[in-house]
Visitor: 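Okay, handing you the structure first.
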2 protein chains.
Amino acid sequence: MDALDDIDKRLLRLLQADAKLTTKELAAQLNLTLSPIYERIRRLENLGYIKQYVAVLDKAMLGQSIMAFCQVSMRYHDKAFINKFEEEVQKLEEVQECYHMAGQVDFLLKIHVGSLGEYHDFVKNKLSQIENIGVLNSTFVLKEIKHDLGYHIA
Amino acid sequence: MDALDDIDKRLLRLLQADAKLTTKELAAQLNLTLSPIYERIRRLENLGYIKQYVAVLDKAMLGQSIMAFCQVSMRYHDKAFINKFEEEVQKLEEVQECYHMAGQVDFLLKIHVGSLGEYHDFVKNKLSQIENIGVLNSTFVLKEIKHDLGYHIA
DNA sequence: AGTGAAACTCGCCGTCC
DNA sequence: GGACGGCGAGTTTCACT
């Protein structure tokens with residue numbers, strides 16, 4: 001019921017590259033008619049394989065040209081402090097991604113801002129205001145070499 | 001000509017959250033008729049604010065449940081070696097993202113695989129086969145705390 | 001599960017304000 | 001720069017296989 005056959009996989013690959021493909025175009029590429037394609041897509045949506053459809057914007061054109069990774073280690077590792085940090089991070093719009101990591105560093109944050117001044121403001125007035133942060137180490141992206149939007153489908 | 005007014009910004013926010021909204025629904029939310037919405041979207045596409053439309057899939061359901069960050073430092077920093085590394089990384093399907101960084105570490109890679117065994121295989125047989133890699137340091141994601149798909153629009 | 005066709009809605013374009 | 005209207009195209013459903 002929830003296994004993917006070969007057509008499902010090809011469908012997912014096509015849709016994660018271009019969500020605007022019409023059922024007609026998809027049907028032509030997969031050698032089927034409109035109905036089965038239509039129903040397969042709805043099935044993949046309902047089972048949760050497809051979570052949503054989004055427009056991908058250009059961050060440089062939106063003035064978000066500085067990207068940085070920020071490694072955060074907590075002073076104490078109490079559950080309450082960890083939970084508090086995770087809650088606070090959700091509220092910070094500069095934080096695009098946040099991961100709880102294995103190893104010396106507790107959290108890795110991906111940050112998007114418009115300038116180094118904004119980054120300074122973010123660290124000084126927002127991030128470091130969260131209590132119990134021990135070490136805080138930022139590294140900046142010089143160039144984006146690769147950024148795949150879709151996942152590899154086996 | 002290429003500046004965004006308030007309606008453009010609201011339009012971009014709505015579309016990067018849900019690309020399947022119809023012009024009709026967008027028009028209703030922005031208190032306009034269909035034509036201006038339609039033309040604004042085409043304008044935002046042509047100017048490059050909207051790069052593409054994609055379906056967002058569930059990586060866990062696709063069996064890509066292990067996520068890791070891999071820090072790579074080159075032995076020598078010749079332009080030719082750097083270019084070669086960047087080329088090779090493009091070919092590796094496990095590498096979701098790759099950034100050239102400022103600081104001690106040269107590159108930061110975000111890796112998606114299905115198991116630790118696959119990760120081992122990736123490092124041993126693919127990544128470390130690229131010449132001139134000096135230090136290679138992997139850290140695994142325990143939990144995804146936050147992952148915004150859209151950018152913050154000022 | 002897939003085909004083919006019918007009904008309905010939306011995207012798209014022209015014209016007008 | 002936005003409103004209105006008509007045609008083509010896409011989506012959605014159904015009866016049949």
Side-chain angles (χ1 to χ4, degrees), chain A residues 1-64 149-154, chain B residues 1-64 149-154:
Chain A
M1 205 60 178
D2 58 341
L4 300 177
D5 65 11
D6 197 54
I7 294 173
D8 288 325
K9 290 178 187 175
R10 290 165 68 193
L11 203 43
L12 289 174
R13 283 191 208 105
L14 289 166
L15 288 172
Q16 77 173 346
D18 183 2
K20 287 290 186 192
L21 289 167
T22 63
T23 331
K24 197 176 184 177
E25 292 169 314
L26 293 166
Q29 290 202 45
L30 301 176
N31 294 315
L32 281 172
T33 48
L34 304 182
S35 314
I37 297 297
Y38 177 74
E39 298 199 2
R40 276 168 185 271
I41 294 174
R42 300 250 346 209
R43 177 170 152 273
L44 292 168
E45 289 170 352
N46 291 332
L47 289 174
Y49 284 96
I50 298 174
K51 292 200 290 188
Q52 56 179 327
Y53 297 92
V54 302
V56 179
L57 308 186
D58 187 308
K59 60 176 178 290
M61 293 195 72
L62 294 171
Q64 303 285 301
L149 295 163
Y151 300 108
H152 179 248
I153 300 171
Chain B
M1 206 59 179
D2 58 341
L4 300 177
D5 66 10
D6 198 54
I7 294 173
D8 289 326
K9 290 178 187 174
R10 291 165 68 192
L11 203 44
L12 289 174
R13 283 191 207 103
L14 289 167
L15 287 173
Q16 77 173 345
D18 182 3
K20 288 290 185 191
L21 289 167
T22 62
T23 333
K24 197 176 186 178
E25 292 168 313
L26 292 165
Q29 290 203 44
L30 300 175
N31 294 315
L32 281 171
T33 48
L34 305 181
S35 317
I37 298 295
Y38 174 74
E39 298 198 3
R40 277 169 185 270
I41 293 174
R42 298 244 351 209
R43 178 171 151 273
L44 292 168
E45 288 171 352
N46 291 332
L47 289 174
Y49 285 96
I50 299 175
K51 293 199 290 186
Q52 57 178 329
Y53 298 91
V54 301
V56 180
L57 308 187
D58 187 307
K59 60 175 177 290
M61 293 195 72
L62 295 172
Q64 302 286 301
L149 294 164
Y151 300 108
H152 178 248
I153 300 171

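Throughout, protein chains are lettered first and strands after them, A, B, ... in sequence-line order, and every chain is numbered starting at 1.
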Visitor: If we ignore hydrogens and angles and just use 3.5 Å, is the side chain of R40(B) paired with the main-chain N or O of I7(B) as donor and acceptor?
Guide: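 Checking the backbone N and O of I7(B) against the side chain of R40(B), no donor-acceptor pair under 3.5 Å is found.
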Visitor: Is the distance from OP1 or OP2 of dG2(D) to the nearest side-chain N or O of R40(B) less than 4.0 Å?
Guide: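 For dG2(D), OP1/OP2 do have a side-chain N/O of R40(B) under 4.0 Å.
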Visitor: Does the pair D5(B)/R10(B) count as a salt bridge with the N-to-O cut at 4.0 Å?
Guide: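 Answer for the salt bridge query: no.
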Visitor: Calculate the interatomic distance between L30(B) atom CG and dA3(D) atom P; express it in whole Å.
Guide: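 My rounded result for the distance is 12 Å.
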Visitor: Can you check the L34(B) CG to dC4(D) P distance for me, whole Å?
Guide: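 Rounding to the nearest Å, CG of L34(B) and P of dC4(D) are 10 Å apart.
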Visitor: Ignoring hydrogens and geometry, is there a side-chain-to-backbone donor-acceptor pair from E25(A) to T22(A) under 3.5 Å?
Guide: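 Yes, because the side chain of E25(A) sits within donor-acceptor range (under 3.5 Å) of the backbone of T22(A).
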Visitor: Roughly how many Å is it from CG in D6(A) to C1' in dA1(C), rounded to a whole number?
Guide: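 About 16 Å, once rounded to whole Å.
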Visitor: I want to verify a distance call: between dT11(D), dG2(D), dG11(C), whose nearest atom is closest to the Y38(A) side chain?
Guide: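 Shortest atom-to-atom distance from the side chain points to dT11(D).
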Visitor: Would you mind telling me which residue lines up with the more 5' stretch of DNA chain D, R42(A) or I7(B), judged by nearest nucleotide?
Guide: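 It is I7(B), whose closest nucleotide lies nearer the 5' terminus.
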Visitor: Nearest to the S35(B) side chain among dG2(C), dC13(C), dG2(D), which nucleotide is it?
Guide: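 Closest nucleotide among those given: dC13(C).
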Visitor: Over how many whole Å does the gap from K24(A) atom NZ to dA9(D) atom C1' extend?
Guide: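 Taking atom C1' of dA9(D) as the reference, NZ of K24(A) is at 7 Å.
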Visitor: For the pair made of CD in E39(B) and C1' in dG14(C), what is the distance, rounded to whole Å?
Guide: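 The distance from CD of E39(B) to C1' of dG14(C) comes to 11 Å, rounded to the nearest Å.
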Visitor: Find the distance L44(B):CG to dG1(D):P and express it as a whole number of Å.
Guide: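 Going from CG in L44(B) over to P in dG1(D) covers 12 Å.
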Visitor: Check the distance between dT11(D)'s P and I37(A)'s CD1 and give it to me in whole angstrom.
Guide: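 The answer, rounded to whole Å, is 11 Å.
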Visitor: For the residue pair Y53(A) and Q16(A), confirm or rule out a side-chain donor-acceptor distance under 3.5 Å.
Guide: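 Distance-only check fails for Y53(A) and Q16(A).
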Visitor: Measure from the side chain of T23(A), starting at C-beta and using heavy atoms only, and say which of dG2(D), dG2(C), dT11(D) lies closest.
Guide: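 Taking heavy atoms from C-beta onward, the closest nucleotide is dT11(D).
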Visitor: Measure the CG-CG distance between L26(B) and L34(B) for me, rounded to the nearest 0.5 Å.
Guide: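 The CG atom of L26(B) sits 10.0 Å away from the CG atom of L34(B).
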Visitor: Over how many whole Å does the gap from N31(B) atom CG to dA3(D) atom C1' extend?
Guide: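 Atom CG in N31(B) sits about 15 Å away from atom C1' in dA3(D).
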Visitor: What contact category does L32(A) fall into here, base, sugar-phosphate, or nothing, at under 4.0 angstrom with non-hydrogen atoms?
Guide: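 The residue L32(A) makes sugar-phosphate contact but no base contact.
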